[in-house]
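My questions will all concern the structure given below.
Numbers restart at 1 for each chain; the letters A, B, ... are given by sequence-line order, proteins then strands.
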2 protein chains.
Amino acid sequence: MKSEKISELTTNRLSVYLRCLNLLAAAGIKTISSQALADQFNMNSAQIRKDLAHFGEFGVRGVGYSVDELRRHLTQILGLDRPHRVGIVGAGNLGTALANYNGFTASNFEVVALFDNDKEKIGRRVGKAAVAVHDVRKLARVVRDAEIDVAVIAVPARVAQRVLNQVMSAGIKAVLNFAPVRLHARLGVKVKTVDLTIQLESLSYFLARPQITCVTNPRQILPYEEIAQREEQELQS
Amino acid sequence: MKSEKISELTTNRLSVYLRCLNLLAAAGIKTISSQALADQFNMNSAQIRKDLAHFGEFGVRGVGYSVDELRRHLTQILGLDRPHRVGIVGAGNLGTALANYNGFTASNFEVVALFDNDKEKIGRRVGKAAVAVHDVRKLARVVRDAEIDVAVIAVPARVAQRVLNQVMSAGIKAVLNFAPVRLHARLGVKVKTVDLTIQLESLSYFLARPQITCVTNPRQILPYEEIAQREEQELQS
DNA sequence: GAATGTGAACACATTCACAGCC
DNA sequence: GGCTGTGAATGTGTTCACATTC
């Protein structure tokens, strides 16, 4: 366990590894080598070992990794052993869709509040979990009372920076931003932006040039059987 | 103009550049240097020049780039001069939210169909644009009739690969995937995955390790009353 | 003089390959 | 023998710095 700086690419992969291990555990597999893991989910075994090595020595030479043990380690490393409470700013289409999304809960995230400035929406409750929509002006208070530690920004681009400033003032340190703007966060605050415009426009670039990118990442095509089998395994998630 | 392979990081940035130039154009600015562009949107000027240089020589030495001219070039490079027609598979929360999202239209994308396997949903029309929900079994036919060239996968992870296979069989070459799985695409098909689970879990990792970036002066942390007061003020503007 | 376009230098990320251990 | 953990080698992306052009 060193105290070097870990790349975001690495932490993203840790999340993927954990997901893969959950599938293996659900399939009753107890032990796996980095090689087998890499083969099964087309990754690189050396990269798996290197990523894990940043945090400790979790494997046994000659044997591999204990699936359950590694799951526990990754859960702890990613901080998923503690629950996180999410507040979503912007109760529009996207915000309410995210409030209903249950993929969050699997990772120990719970949406506990929505915020908006539209009087029509304030006071309503949204979705199965009946999440309350609060006045965005009361954000700091609700954040404190509901112990919110993660914010999602789902507002129009032109107000996103203002919302982020408010969110940061309320003491929140982790933000997932869906507005297509580059936001300025102060030190100690992590903002991850999911920019659908960029994704779509990159797809458009690809469509305009089918010949060039055909060779990007020549991904091995699996036989159908194996894909179907994998689907069964995923039924758990 | 060379015919080398362009990195996805580059195409992503081209999309950002275009967005910045649109802002500049709206502000009436006619000419800009890579340096000024970089300063204004915190990017690196050399990178801008290098990215653009892959596609031609668009600037004038000693002067800079014509904003309008460069906008036209980028629009053409990204293939945004031709409209794209989008079909969304999965008429759940996320799918319908995306069908309503108007950020797409700005980039010449139009959502023209939704697909689902739920009989309750099939036949309905969703959102302001009244996009029809089709039986997912008729995907190939609707894709052909409605000339859909981009698919969005907004279904549960366990069925995402099956949906992708169907989408590929219908001849679609560009896919935006929201299911948190790594999908296997065949050659010539581009899949971009937006994995919210990874983003959230990476944020969680960050929260579990505040010491790394937390350099905030403790004196700057305001008492709650002051924060609330400041919020009121910020929302006035 | 001012800014582009670009080779060279640097920084970062991935993969190889093997010593060391079970 | 088999697999981990890791230095060394490779590959990729970014930034510097300057010759070149207007």
field: Lys/Arg cation over aromatic Phe206(B): Arg209(B), 6.0 Å, 45° cone
entry: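 Ring-cation test returns no.
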
field: For dA17(D), the Watson-Crick or wobble counterpart (both distances under 3.5 Å)
entry: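 Pairing partner, where one exists within any strand: dT6(C).
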
- request: Return no unless some side-chain N or O of Ser34(B) is found under 4.0 Å from OP1 or OP2 of dA3(C).
  value: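 No, no such contact exists.
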
message: For a quick check, tell me whether the side chain of Lys50(B) and the base of dT15(D) share a donor-acceptor pair closer than 3.5 Å.
response: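 Under the 3.5 Å cut-off, the side chain and the base do form a donor-acceptor pair.
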
Atom-pair distance (CD1 on Ile48(A); P on dG5(D)), nearest Å: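 From Ile48(A) CD1 to dG5(D) P: 12 Å.
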
- prompt: How many Å lie between CG on Leu37(B) and P on dA3(C), as a whole number?
  reply: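 One finds 13 Å between P of dA3(C) and CG of Leu37(B), rounded.
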
Pairing of Arg13(A) and Glu8(A) as salt bridge, 4.0 angstrom limit: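 The answer is no: the pair does not qualify as a salt bridge.
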
- request: To the nearest Å, give me how far apart CG (Leu52(B)) and P (dT4(C)) are.
  value: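 For the pair Leu52(B) CG and dT4(C) P, the rounded distance is 10 Å.
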
query: Contact class for Ser45(A) (heavy atom, under 4.0 Å): base, sugar-phosphate, or nothing?
result: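 Touches nothing.
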
task: Rounded to the nearest angstrom, tell me the gap between atom OH in Tyr17(A) and atom P in dT4(D).
output: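 Spelled out: OH on Tyr17(A) to P on dT4(D) is 13 Å.
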
- prompt: Between dT4(C), dA13(C), dT15(C), which nucleotide has the shortest distance from any of its atoms to the side chain of Leu9(A)?
  reply: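 Among the listed nucleotides, the one closest to the side chain of Leu9(A) is dA13(C).
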
- request: Looking at every strand, decide which applies to Thr10(A) at a 4.0 Å heavy-atom threshold: base, sugar-phosphate, or nothing.
  value: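 Nothing, no nucleic acid heavy atom in range.
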
message: Could you tell me how far apart Arg13(B) (CZ) and dT12(D) (C1') are, to the nearest whole angstrom?
response: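 After rounding, the gap between these two atoms is 12 Å.
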
query: Do Asp149(B) and Arg85(B) meet the salt-bridge criterion of a basic N to acidic O distance under 4.0 Å?
result: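 Salt bridge absent between Arg85(B) and Asp149(B).
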
message: So for Arg61(B) and dT4(C), does any side-chain atom that can act as donor or acceptor lie under 3.5 Å from a complementary atom in the base?
response: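 Side chain to base: pair found, below 3.5 Å.
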
- prompt: From the list dT6(C), dT14(D), dT6(D), which nucleotide is the closest neighbour of the side chain of Gln47(B)?
  reply: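 Of the options given, the side chain of Gln47(B) lies nearest dT14(D).
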
- request: Let me know, please, whether Val60(A) or Ala46(B) comes out on the 5' side of the other along DNA chain C by nearest nucleotide.
  value: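 Per heavy-atom nearest nucleotide, the more 5' residue is Ala46(B).
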
- request: Would you mind reading off the distance between Asp51(B) atom CG and dT15(D) atom C1', rounded to a whole angstrom?
  value: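 In whole Å, dT15(D) C1' lies 12 Å from Asp51(B) CG.
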
- request: Any pair with a residue in residues 17-27 of chain A that passes salt bridge (charged side-chain N to carboxylate O under 4.0 Å, His left out), sequence neighbours left out, goes on the list, sorted by first then second residue, please.
  value: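 Residue pairs with at least one partner in residues 17-27 of chain A: Arg19(A)-Asp195(B).
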
field: Whole-Å distance separating the CZ atom of Phe55(A) from the C1' atom of dT6(D)
entry: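 Taking atom C1' of dT6(D) as the reference, CZ of Phe55(A) is at 16 Å.
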
field: Asn44(B) CG to dC12(C) P, straight-line distance once rounded to whole Å
entry: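 Rounded to the whole Å, the gap is 14 Å.
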
Other residues, nucleotides, ligands: >12 heavy atoms within 6.0 Å of Gln40(B) CD: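 More than 12 heavy atoms, drawn from other residues, nucleotides or ligands, come within 6.0 Å of this atom.
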
- prompt: Picking from dT4(C), dT15(D), dT6(D), which would you name as closest to the side chain of Tyr65(B)?
  reply: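 Among dT4(C), dT15(D), dT6(D), the one nearest the side chain of Tyr65(B) is dT4(C).
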
